[in-house]
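All values below come from the heavy atoms of this structure, side chains included, with hydrogens, waters and symmetry mates left out. Sequential numbering from 1 along the given sequence is applied to the chain's residues.
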Amino acid sequence: MALIVQKYGGTSVGTVERIQAVADKLIKTRDAGNEVVVVVSAMSGETNRLLGLAREITAHPEGRELDVLLSTGEQVTIALLSMALAEKGAEARSYTGAQVRITTDEAHNKARIKKIDHRCICDDLKQGRIVVVAGFQGVSENGHITTLGRGGSDTTAVALAAALKADECQIYTDVDGVYTTDPRVVPSARRLETITFEEMLEMASLGSKVLQIRAVEFAGKYNVPLRVLSSFEDGPGTLITTEEQQVEQALISGIAFNRDEAQLTITGVPDTPGVAYQILGPVSDANIEVDMIVQNIGSDGTTDFTFTVNRTDYDKALKILQKVAKELGARACSGNNEIVKISLVGVGMRSHAGIAAKMFKVLAAEGINLLMISTSEIKVSVLVEEKYLELGVRVLHSAFGLENETAA
Ligand code: ADP
Ligand code: ASP
Ligand code: MG
């Protein structure tokens, strides 16, 4: 008998009919001789609806209260799914994160799971029940409800799979696996049979929201066999695996992109020790995460700094930079929030030179200007104007031979 953890995202439980279809799938998995734990998201659009309600009341809802609100979305789904299972003759029991005792830290809206007490789940499984757990939520040591960040139900599923030593964690969604790039932007994108944890982590970090970053981190760390599949049709999906298990190694596995980017520049800063800290210290003190950073030294003893932040932090970061610019006597400071990041990802890059150069050549041929560049062992990222996003991703996808066979 295998123990399977399945997770169904918002679209997969978006209507009563979809919830009933999920119940059928769960019963089929159980009848095939498996123990089944299922994690569900809020019905599609529900988390955004709740966020909208909060914003109608205040521009800055308190983290604790926002978590109390947002966690209700998943609570609706677990109850409905358990009812649907019961109606179809399957014994099931629902649990909120707090009822399981998924203990997290107290970082509201982006809490991290610290431990999971899985006794009640194991008891139910022994009794032959299907266990239905609310994704995206936990409880702090002090009893406050927390949530794990957008897309956090993926992390609940992987963490439960790790705690229960499940045989597989299956993430059911509205696409039938991980693709070479977002199939909504490039229809000729190809489903990958396998992708390594490392590549998936880069893809997720660089904007491919098919899996939450922390879920991939967790799965890699605890070696949880992880698969992404469609809840709408049967198929093998994509297995996230280790590099050693990878049969065929492509040079580039995928292209990720991120629309949530903004760029800030401060020029003509006196080039003295500590200047980077003077500029970026106040940004970090304001809890703003900085991503790419470039510093250029001018011939006149001054230096220019450009860095990127999440677009939601743009206004706040620009205000801080304007203040810093005044204090440091900088020549100017400016910003641009109509930019995006496109990244090539692949473990094959480790053993091949020339990937970045080819990427630059392909983009240049389309007249796409590169605003910033950054590289690591298995990725190359460029920042470009937002209007070039689709074009850039499409030409790179084709130039690196990522298309499915029918489109190639
Ligand atoms: P769920 O609600 O099931 O968690 P998400 O919307 O979070 O679903 O994730 C699935 C979506 O991720 C797809 O609809 C797809 O548009 C997007 N996506 C982005 N990049 C990729 C990729 N490389 N492969 C597959 N899907 C991707
Ligand atoms: N409902 C939450 C969200 O929309 C969590 C999830 O779906 O994974 O982000
Ligand atoms: Mg998701």
Please output the side-chain donor-acceptor pairs of residues 286-293 that fall under 3.5 Å, not counting sequence neighbours, one pair per line with the distance.
unit_1, atom_1, unit_2, atom_2, d
Asp291, OD2, Lys341, NZ, 2.5

In this structure, CG of Leu69 is separated from CD of Glu62 (nearest 0.5 Å) by 12.5 Å
Applied to residues 123-133, the salt bridge (Lys or Arg N to Asp or Glu O under 4.0 Å) test, sequence neighbours excluded, yields Glu91-Arg129, Arg93-Asp124, Asp124-Arg129
Contacts satisfying salt bridge (Lys or Arg N to Asp or Glu O under 4.0 Å) that involve residues 67-84 (not counting sequence neighbours) are none
Between [X] and [Y], do the side chains contain an N or O donor and an N or O acceptor separated by less than 3.5 Å?
X: Glu199; Y: Ser253; answer: yes
X: Thr265; Y: Ser334; answer: no
X: Thr72; Y: Gln75; answer: no
X: Thr308; Y: Gln263; answer: no
X: His108; Y: Arg64; answer: no
X: Ser140; Y: Asn142; answer: no

Test: [X] and [Y] ion pair at under 4.0 Å:
X: Glu198; Y: Arg350; result: yes
X: Arg214; Y: Glu217; result: no
X: Arg311; Y: Glu386; result: yes

State, with a plain yes or no, whether a side-chain heavy atom of [X] is found less than 4.5 Å away from one of [Y].
X: Thr241; Y: Phe197; result: no
X: Leu148; Y: Gln137; result: no
X: Leu344; Y: Ile355; result: yes
X: Ile102; Y: Val133; result: yes
X: Met349; Y: Glu377; result: no
X: Val340; Y: Leu383; result: no
X: Ile121; Y: Leu125; result: yes

Do side-chain atoms of [X] reach the backbone of [Y] as a donor and acceptor pair under 3.5 angstrom?
X: Thr155; Y: Ala215; result: yes
X: Ser82; Y: Ile78; result: yes
X: Ser208; Y: Ala204; result: no
X: Thr11; Y: Gly14; result: no
X: Thr104; Y: Gly138; result: no
X: Glu403; Y: Ser188; result: no
X: Thr77; Y: Gly73; result: yes

Classify the ring geometry between Tyr8 and Tyr172 as parallel (under 30°), tilted (30 to 60°) or perpendicular (over 60°). parallel
- Query: Checking salt bridge (Lys or Arg N to Asp or Glu O under 4.0 Å) for the pair Glu193/Arg191: CA distance, chi angles, key distance, verdict?
  - Reply: CA-CA 7 Å; Glu193 289 292 328; Arg191 180 177 59 81; 3.4 Å; yes
Would you mind writing out the side-chain donor-acceptor pairs for residues 356-367 within the sub-3.5 Å range, not counting sequence neighbours?
unit_1, atom_1, unit_2, atom_2, d
Lys358, NZ, Ala399, O, 3.1

Heavy atoms of Pro270 and Gly329 approach each other most closely as CD-O, 4.5 Å
Going by atom type alone, with no hydrogens or angles, which donor-acceptor pairs under 3.5 Å involve a side-chain atom of residues 20-33 and a protein atom two or more places apart or on another chain?
unit_1, atom_1, unit_2, atom_2, d
Asp24, OD1, Lys88, NZ, 3.2
Thr29, OG1, Gln6, NE2, 3.2
Thr29, OG1, Lys25, O, 2.9

From the list Val158, Leu226, Val37, side-chain contact (heavy atoms from CB on, under 4.5 Å) with Val5 holds only for Val37
Show me, pair by pair, the donor-acceptor contacts under 3.5 angstrom made by side chains of residues 180-187, not counting sequence neighbours?
unit_1, atom_1, unit_2, atom_2, d
Thr180, OG1, Arg190, N, 2.9
Thr180, OG1, His397, NE2, 2.7
Thr181, OG1, Ile255, O, 2.7
Asp182, OD1, Arg184, N, 2.9
Arg184, NH2, Asp174, OD2, 3.0

